[in-house]
Amino acid sequence: MTSSEPKTKSSSVTSDDTDRNNRKPPSNFIRHLIEQDLASGKHGGRVQTRFPPEPNGYLHIGHAKSICLNFSLAEDYGGHCNLRFDDTNPAKESQEFVDSIKENISWLGFQWHGEVRYASNYFEPLYQFALELIEAGKAYVCSLSPHQAREHRGTLTEPGIDSPDRDRPVAENRVMFERMRQGEFADGEYSLRAMIDMASPNINMRDPVLYRIRHIEHHQTGNKWCIYPTYDYTHCISDAIENITHSLCTLEFGDHRPLYNWILQSLGLESLRQASDLVDSDIQYVLPEQTEFAKLRINYTMGGKRNLKDMVETGVVQGWDDPRMNTLAGMRRRGYTPESIRNFCEMAGVARNEGVVDISMLEHCIREDLDRKAPRVMCVLNPLKVTLADIEKGQVTQLEMAAHPKNEAMGKRSVPFTREIYIDRNDFEEVPPPGFKRLIPGGEVRLRGAYVVRCNEVLKDEQGKVVELICSVDKDTLGKRPEGRKVKGVIHWVSVSEGLPVSVRLYDRLFDAENPEAKSITDYRDCLNPSSLVELQQCIAEPSVANTATAVGFQFEREGYFCIDQADSMNERLVFNRTITLRDSWGTANK
RNA sequence: UGGGGUGUAGCCAAGUGGUAAGGCACAAGGUUUUGAUCCUUGCAUGCGUUGGUUCGAAUCCAGCCACCCCAGCCA
């Protein structure tokens, strides 16, 4: 995978940037909130956001929504967006994921503010703050095992009961917590808990665990620590340290907001300010506020990280970057452009309603972007040989064709025309259905960019399979209409001798079911689309594809948008991935 | 049956008391040497539901219904 820096955008996308700048982003409740806060001067007029992934997997399209939201908001309101790895659970995390996440964000075209942050950067201040909570009588070391703690927690409808260690004296808590850090205890033997309310109707407030013991190496801090802070404890303080103003997260964290606020208020504004990036500044220091929005869900896909991981590990797909995966790595390999994904996220919107976006919206976005950017080229997917009887053997004529029908700036290409060519088998029918306007016996069709031809003879093998067509050429139709008749059909073609043999992978949606993760489906494997990948080895492309290999993608005329698979394209043979088909009113009308 | 959320067209989504934006999808026309693109037109007498307040309600109030999330020392 080659990396693409956000700074070095190709010049061909300048018009997109203009479009982007001219387009007013759709209004949503978070923008309203920020505008209100800006108007009231709540955060000293600042907007500071952050994207806080846990490095425990690859980023997918759902993350893209959060990335676009956080980075765009910061940009639009003159603020900054940090990248912060929420790396508090080393058992599940790794450097591999850190690297891929950074790469994906850059590829999307976003630039985080300053250095990459890690929650693990704050382990020491986090520890000191825990000591403060202990001193304030707001946290205690608990000896309950995870199992016992669960029993003490109560249920959704019944209150929990206090830990026997809730009354442990402050001095003892301090010593015990220090001993936890020193590694004197085994995993799970003790934990540090906030002292809130075991009878709270909000289970997150029933003395949540702040620190747990894990004798395990961390990808950033090595073996320096054997106690690790939990998400709830870490996230709010990390936000406070980084002076985040608007801490955006998904809906399921709504129940955690009271805890987020409890921790920050318990520590106090001044104490947090002392640890924050703003400690030496006169900028007004204000506590961050959490706001929740609905996750992005798309039908015919799975969003769960667990399931994505499972697909990779059990070989359902060929890796995190399999072009059928809705990971950013997979979509990139499939041929999705950053602009199309960003536009999609904007189009789908931000709200608190848990909707499911139709995948056709995503498909629309990539078609729209590629229609503008992709040079046109011809490639025959299922070759059928055609001999043009009135063209001389061995003669090669270079026909000049536009690279793009509407954008002359994209230039021209030479397409060799010869006596023997290939057309697609689907473009010929002996017994055509009503409305068919391609080639039929005795009928005429336009060869795209070339002549009108007539099919005079159909050659078959012993099994009755059509193996070759003999056609005549109307030589007075190059660049002009035929005299006295109309020829409606236009088909694509490639020279037999000059064409380039290539492989083409036709990708389709991975699942047949609208929601592969629905409760009614016991195993997502039961609704896999058996033809999500069809590999064609016998395709023939016009030779110019070899010189244009740097293009974002190609349109194979009348077929769809394709990109070169960088991983599998050997020098002697190119492999193309189909990003998306063209819209096809003929195909859909005939189903 | 505790707590937290959400209900506007097939889907996403604006709307914040003055008479239902926009996009996707779909349908019908037009242009076209891609059955593509592009253009034009159509697509909610009604905003989960029942009442109430008001000259006026998707917007305010009350009740009801449906769906989602929470009992990790995961995030």
Side-chain angles (χ1 to χ4, degrees), chain A residues 26-29 32 52-54 56 86-89 91-93 142 144-146 149-150 153-160 187-188 190-193 200-206 208-214 227-228 230-232 234-235 249-258 292 294 296 298-299 305 344 346-365 367-368 371-372 376 378 401 404-406 435-438 446-450 452 477 479-481 487-492 555-560 581-590:
Chain A
S27 117
N28 63 50
F29 79 100
H32 281 297
E54 184 189 15
N56 69 344
D86 221 329
D87 56 348
T88 57
N89 185 7
K92 294 184 175 180
E93 300 157 6
C142 178
L144 255 29
S145 69
R150 193 180 319 131
R153 191 153 35 233
T155 69
L156 294 178
T157 51
E158 298 161 311
D187 288 5
Y190 288 97
S191 65
L192 183 74
R193 296 226 257 161
S200 171
N202 182 345
I203 293 183
N204 296 116
M205 299 299 269
R206 320 241 259 231
V209 169
L210 268 24
Y211 268 92
R212 69 286 219 196
I213 299 172
R214 291 282 180 278
I227 56 172
Y228 292 99
T230 56
Y231 163 83
D232 284 310
T234 308
H235 204 90
C249 62
T250 45
L251 251 27
E252 70 270 26
F253 292 98
D255 288 343
H256 296 240
R257 193 170 60 215
E292 311 87 24
L296 173 64
I298 305 174
N299 57 13
K305 244 188 198 178
F344 168 72
E346 189 165 276
M347 209 181 252
V350 179
R352 289 179 65 90
N353 185 29
E354 292 186 295
V356 180
V357 176
D358 197 304
I359 191 148
S360 67
M361 206 189 275
L362 214 208
E363 296 176 341
H364 164 82
C365 289
R367 285 192 183 107
E368 180 185 55
D371 174 54
R372 218 163 40 204
R376 314 285 127 125
M378 293 191 286
M401 294 175 66
H404 191 285
K406 292 184 175 175
F436 189 77
K437 55 183 203 190
R438 281 111 95 153
R446 159 80 64 183
L447 294 179
R448 169 119 244 227
V452 169
T477 54
K480 54 166 111 156
R481 303 194 169 171
V487 174
K488 268 198 164 181
V490 180
I491 65 174
H492 56 103
Q555 184 194 103
F556 287 178
E557 289 195 90
R558 304 207 313 124
E559 293 287 358
T581 59
L582 251 33
R583 279 186 76 228
D584 180 10
S585 57
W586 167 249
T588 50
N590 281 272

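Values below: all heavy atoms of this structure, side chains included; hydrogens, waters and symmetry mates excluded. Note on naming: letters A, B, ... go to the chains in the order of the sequence lines (proteins, then strands), and numbering restarts at 1 for each one. This is a predicted model, so every value here is computed, not measured.
Here the separation of B:A71 from B:C12, taken at their C1' atoms, is 33 Å to the nearest Å. When the C1' atom is compared between B:G46 and B:U59, the two are found 14 Å apart, to the nearest whole Å. Nucleotides B:U50 and B:G17, compared at atom P, are 24 Å apart to the nearest Å. Between the C1' atoms of B:A14 and B:G7, the separation comes to 16 Å (whole Å). For B:A20 and B:C24, the P atoms lie 23 Å apart once the distance is rounded to whole Å. B:G51 and B:C65 have their C1' atoms separated by 14 Å, with the value rounded to a whole Å. Spacing of P atoms, B:G48 relative to B:A57, comes out at 15 Å, to the nearest Å. Rounded to the nearest Å, the gap between the C1' atom of B:C26 and that of B:A9 is 12 Å.
Listed by chain and residue number, A:Phe253 satisfy the ring pair (Phe, Tyr, Trp, His ring centres under 6.0 Å) test with A:His256 (two or more places apart in sequence, or in another chain). A:Arg438 meets the side-chain hydrogen bond (donor to acceptor under 3.5 Å, both in side chains) test with A:Asp427; sequence neighbours excluded. Scored by the ring pair (Phe, Tyr, Trp, His ring centres under 6.0 Å) test, A:His235 finds A:Tyr231 as partners (sequence neighbours excluded).
Mapping A:Arg446 and A:Leu156 onto RNA chain B by nearest heavy atom places A:Leu156 at the nucleotide closer to the 5' end. Checking A:Asp86 against A:Gly254, the closest nucleotide of RNA chain B that is more toward the 5' end is the one next to A:Gly254.
Two residues are said to be in side-chain contact when any heavy atoms from C-beta on lie closer than 4.5 Å; A:Leu362 and A:Phe344 meet this criterion. Counting only heavy atoms from C-beta outward, the side chains of A:Met361 and A:Ile298 never approach each other to under 4.5 Å. Between A:Met347 and A:His364 there is a side-chain heavy-atom pair separated by less than 4.5 Å.
Within 4.0 Å (heavy atoms only), A:Phe253 reaches at least one base atom of the nucleic acid. Within 4.0 Å of A:His256, counting heavy atoms only, lies at least one base atom of the nucleic acid. Across all strands, A:Leu192 comes closer than 4.0 Å to no nucleic acid atom at all (heavy-atom distances). Across all strands shown, A:Asp255 has heavy atoms under 4.0 Å from base atoms, whether or not it also approaches the sugar-phosphate. A:Ala450 comes within contact range of at least one nucleobase, with a heavy-atom separation under 4.0 Å. Among the protein residues, A:Thr88 comes within range of the sugar-phosphate backbone only, with heavy atoms under 4.0 Å from sugar or phosphate atoms but none that close to a base.
Rounded to an integer number of Å, the gap from A:Ile203 CD1 to B:C73 P is 11 Å. Taking atom CZ on A:Arg153 and atom C1' on B:C70, their separation rounds to 11 Å, with Å as the unit. The CG-C1' distance, from A:Asn202 to B:G4, rounds to 7 Å in whole Å. The NZ atom of A:Lys92 sits 7 Å away from the P atom of B:C74 (whole-angstrom rounding). Counting to the nearest Å, the C1' atom of B:A75 and the NZ atom of A:Lys305 are 8 Å from each other. With rounding to whole Å, A:Glu252 atom CD is found 16 Å from B:G3 atom C1'. Between the NE2 atom of A:His364 and the P atom of B:C26 there is a distance of 12 Å, rounded to whole Å. Put simply, CD on A:Glu158 is 16 Å from C1' on B:C70, counting in whole angstrom units.
Rounded to the nearest 0.5 Å, atoms NZ (A:Lys437) and CZ (A:Arg446) are 14.0 Å apart. Within the model, atoms CG of A:Asp87 and CD of A:Glu54 stand 8.5 Å from one another, a figure rounded to the nearest 0.5 Å.
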Quick one: which protein N/O atoms are closer than 3.5 Å to N/O atoms of nucleotides 34-37 of chain B? Pair and distance per line, please.
unit_1, atom_1, unit_2, atom_2, d
B:U34, O4', A:Arg448, NH1, 3.4
B:U34, O2, A:Gln555, OE1, 2.7
B:U34, O2, A:Arg558, N, 3.0
B:U34, N3, A:Gln555, OE1, 2.5
B:U34, O4, A:Arg376, NH1, 2.6
B:G35, OP1, A:Arg558, NH1, 2.8
B:G35, O3', A:Ser585, OG, 3.4
B:G35, O2', A:Asp584, OD1, 3.3
B:G35, N7, A:Arg438, NH1, 2.6
B:G35, O6, A:Lys437, N, 3.0
B:G35, N1, A:Gly435, O, 3.0
B:G35, N2, A:Gly435, O, 3.3
B:A36, OP1, A:Ser585, OG, 3.0
B:U37, OP1, A:Arg583, NH1, 3.2
B:U37, OP2, A:Arg583, NH1, 3.3
B:U37, O2', A:Asp371, OD2, 2.9
B:U37, O2', A:Lys406, NZ, 3.3
B:U37, O2, A:Lys406, NZ, 2.7

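A donor-acceptor contact closer than 3.5 angstrom is absent between the side chains of A:Ser200 and A:Asn202.
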Next on the checklist: Generate the contact string for nucleotides 10-18 of chain B. Rules: B means base contact, S means sugar-phosphate contact only, - means no protein heavy atom under 4.0 Å.
Outcome noted: -SSSSSB--

Checklist entry - Step by step, would you call A:Leu144 with A:Arg193 a side chain to side chain contact (heavy atoms under 4.5 Å, CB included)? => result CA-CA 11 Å; A:Leu144 255 29; A:Arg193 296 226 257 161; 3.7 Å; yes

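Put simply, A:Arg257 has no side-chain N or O that comes within less than 4.0 Å of OP1 or OP2 on B:C69. The phosphate of B:G72 (OP1 or OP2) has a side-chain N or O of A:Arg150 nearer than 4.0 angstrom.
Which of B:U32, B:C70, B:C73 sits closest to the side chain of A:Arg481 comes down to B:U32.
Under a 3.5 Å cut-off, the side chain of A:Arg352 and the backbone N or O of A:Glu292 do form a donor-acceptor pair. A side-chain donor-acceptor contact under 3.5 Å links A:Arg367 to the backbone of A:Thr581. Between the side chain of A:Glu158 and the backbone N or O of A:Gly154, no donor-acceptor pair lies under 3.5 Å. Distance alone, capped at 3.5 Å, is enough to place a donor-acceptor pair between the A:Arg206 side chain and the A:Arg153 backbone.
A stem is defined here as three or more consecutive Watson-Crick or G-U pairs, each with both distances under 3.5 Å; for RNA chain B these stems are B:2-7 with B:65-70, B:10-12 with B:22-24, B:26-30 with B:38-42, B:48-52 with B:60-64.
Annotated as anti: B:G42, whose O4'-C1'-N torsion sits more than 90° from 0.
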